[in-house]
Number of protein chains: 2
Amino acid sequence: MKKKLEDYDLHASCPIRNVLDRFGDKWSILVILLLGEHKTAMRFNEVAQTIGDISQKMLTVTLRTLEADGMVMRKHYPEIPPRVEYELTELGKSLLPHINGLAQWAVKNYDTITKSRKKFIAKKQLVS
Amino acid sequence: MKKKLEDYDLHASCPIRNVLDRFGDKWSILVILLLGEHKTAMRFNEVAQTIGDISQKMLTVTLRTLEADGMVMRKHYPEIPPRVEYELTELGKSLLPHINGLAQWAVKNYDTITKSRKKFIAKKQLVS
DNA sequence: TCACTTACTTACCAAAAGGAAACTATAGGT
DNA sequence: ACCTATAGTTTCCTTTTGGTAAGTAAGTGA
């Protein structure tokens with residue numbers, strides 16, 4: 001059974017879990033980060049090509065979910081071939097500093113973490 | 001096929017995706033937040049009961065992964081029955097402000113987001 | 001001898017996430 | 001008549017995630 005937007009009202013009691021669950025997927029944070037870096041609105045294929053390895057389907061559902069949450073604005077121009085542009089809303093922009101903070105932390109501590117992982121695996125081999 | 005710790009070296013090229021992928025699971029952020037709030041180290045069952053709806057298995061793998069990354073320190077006392085205590089490392093503590101920022105953002109914008117979701121669903125019904 | 005405790009591990013299973021490829025609409029170009 | 005382009009949607013499939021329940025170790029107390 002597929003999960004639909006309507007089913008996302010779980011954890012309604014806990015704002016933190018409810019909201020952060022949304023960013024636990026594979027692409028949301030990346031898309032927000034990307035739209036945040038870009039000064040102007042981006043087209044669908046522009047986003048897809050910049051990310052590189054996202055499927056059309058997943059980009060669509062990611063953007064739709066972000067739109068539903070009010071994080072991303074979708075502007076559809078009724079032309080042919082179609083043109084659709086995406087940009088962060090004020091809400092989306094207000095999240096940016098926080099995930100940028102996370103991202104900077106990740107970059108800064110990447111070495112420490114990978115070394116820790118290797119050490120942990122090595123220790124495991126000795127024990128088993 | 002199960003994913004083992006050893007297999008986590010994907011996205012090695014992108015620190016952000018590599019590190020943040022780790023927090024995309026159901027429990028990691030919650031466990032860090034919890035250990036961060038607590039002044040003293042916490043025992044396994046203490047963590048489990050505070051969270052409430054986490055399974056033993058998932059708490060074990062979550063803590064192991066955080067330990068492997070160097071975020072959490074595990075202290076094992078060779079007593080019977082066993083006693084194991086967990087607390088954040090300095091690395092783990094350095095992440096706290098960032099996810100606390102996220103959490104506060106989530107609380108602050110929870111209303112806006114749930115309203116946006118409802119509006120989006122309502123609009124969808126009209127169109128289809 | 002049996003139950004009880006803690007902190008697990010393991011096997012099995014259901015659900016969810018996500019990828020690949022084909023299909024869609026529509027107009028313009030050749 | 002066919003190809004191109006954009007931004008999707010749909011179907012089918014595999015992979016990943018996470019839950020349940022049972023089993024494990026090892027000493028203590030009844």
Side-chain angles (χ1 to χ4, degrees), chain A residues 1-11 17 21-31 41-68 72-87 124 127-128, chain B residues 1-11 17 21-31 41-68 72-87 124 127-128:
Chain A
M1 230 166 287
K2 239 192 294 183
K3 205 199 264 184
K4 292 187 216 148
L5 279 169
E6 286 86 343
D7 303 332
Y8 262 106
D9 251 337
L10 284 148
H11 299 302
R17 284 170 77 173
D21 268 9
R22 211 74 159 205
F23 306 130
D25 66 3
K26 203 171 174 185
W27 303 110
S28 293
I29 289 188
L30 211 59
V31 169
M42 290 180 83
R43 299 188 59 176
F44 184 88
N45 276 342
E46 203 180 350
V47 177
Q49 283 157 28
T50 310
I51 294 183
D53 58 342
I54 188 172
S55 65
Q56 274 193 331
K57 176 184 149 190
M58 286 317 296
L59 183 53
T60 314
V61 326
T62 303
L63 288 168
R64 281 290 178 290
T65 309
L66 291 174
E67 193 197 351
V72 157
M73 232 212 142
R74 180 187 137 102
K75 285 190 280 182
H76 172 248
Y77 301 87
E79 307 169 353
I80 285 175
R83 180 160 62 102
V84 182
E85 290 183 351
Y86 295 93
E87 58 185 324
K124 237 185 46 177
V127 173
S128 66
Chain B
M1 231 168 282
K2 239 193 294 182
K3 203 199 266 183
K4 292 186 216 149
L5 279 169
E6 286 86 341
D7 303 332
Y8 263 105
D9 252 337
L10 284 149
H11 299 300
R17 283 171 76 173
D21 268 9
R22 211 74 159 204
F23 306 130
D25 66 2
K26 202 171 173 184
W27 303 111
S28 293
I29 290 186
L30 211 59
V31 168
M42 289 180 83
R43 299 188 60 174
F44 184 88
N45 276 342
E46 204 180 351
V47 177
Q49 283 158 26
T50 310
I51 294 183
D53 58 341
I54 188 174
S55 66
Q56 274 195 332
K57 176 186 151 191
M58 287 316 296
L59 183 53
T60 314
V61 325
T62 303
L63 287 168
R64 281 289 177 291
T65 309
L66 291 174
E67 192 197 352
V72 157
M73 232 212 143
R74 179 186 139 104
K75 285 190 280 183
H76 172 247
Y77 300 88
E79 310 170 352
I80 283 177
R83 180 158 62 103
V84 182
E85 290 183 350
Y86 295 93
E87 59 186 321
K124 239 185 43 177
V127 173
S128 62

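No experiment lies behind these values; they were computed from the predicted model shown.
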Check the distance between [N]'s [atom2] and [X]'s [atom1] and give it to me in whole angstrom.
X      : N       : atom1 : atom2 : value
L63(B) : dA7(C)  : CG    : P     : 11 Å
Q49(B) : dT5(C)  : CD    : P     : 12 Å
D53(A) : dG18(C) : CG    : C1'   : 12 Å
E79(B) : dA25(D) : CD    : C1'   : 15 Å
I54(B) : dG18(D) : CD1   : P     : 9 Å
D25(A) : dA15(C) : CG    : P     : 21 Å
M58(A) : dA7(D)  : CE    : P     : 19 Å
K57(A) : dG18(C) : NZ    : C1'   : 5 Å

Can you tell me if the side-chain N/O atoms of [X] get under 4.0 Å from OP1 or OP2 in [N]?
X      : N       : value
R83(B) : dA26(D) : no
R64(A) : dG8(D)  : yes
R43(B) : dA7(C)  : yes
K26(A) : dT16(D) : no

* Asked: Looking at the side chain of R74(B), which of dT5(C), dC8(C), dG19(C) is the nearest nucleotide?
  -> dC8(C)
* **Among dG19(D), dG19(C), dA7(C), the one nearest P82(B) by side-chain distance** => dA7(C)
* Structure fact -> Heavy-atom nearest nucleotide on DNA chain D taken for I80(A) and for Q56(A); more 5' hit belongs to I80(A)
* Rounded to the nearest 0.5 Å, how far apart are OG1 of T62(B) and CZ of R22(B)? -> 11.0 Å
Side-chain contact, heavy-atom cut-off 4.5 Å: [X] with [Y]?
X      : Y      : answer
F44(B) : L63(B) : yes
M58(B) : D25(B) : no
L30(B) : I54(B) : no
R74(A) : E85(A) : no

* To do: Check every strand shown and say whether Y86(B) touches a base, only sugar-phosphate, or nothing at a heavy-atom separation below 4.0 Å.
  => sugar-phosphate
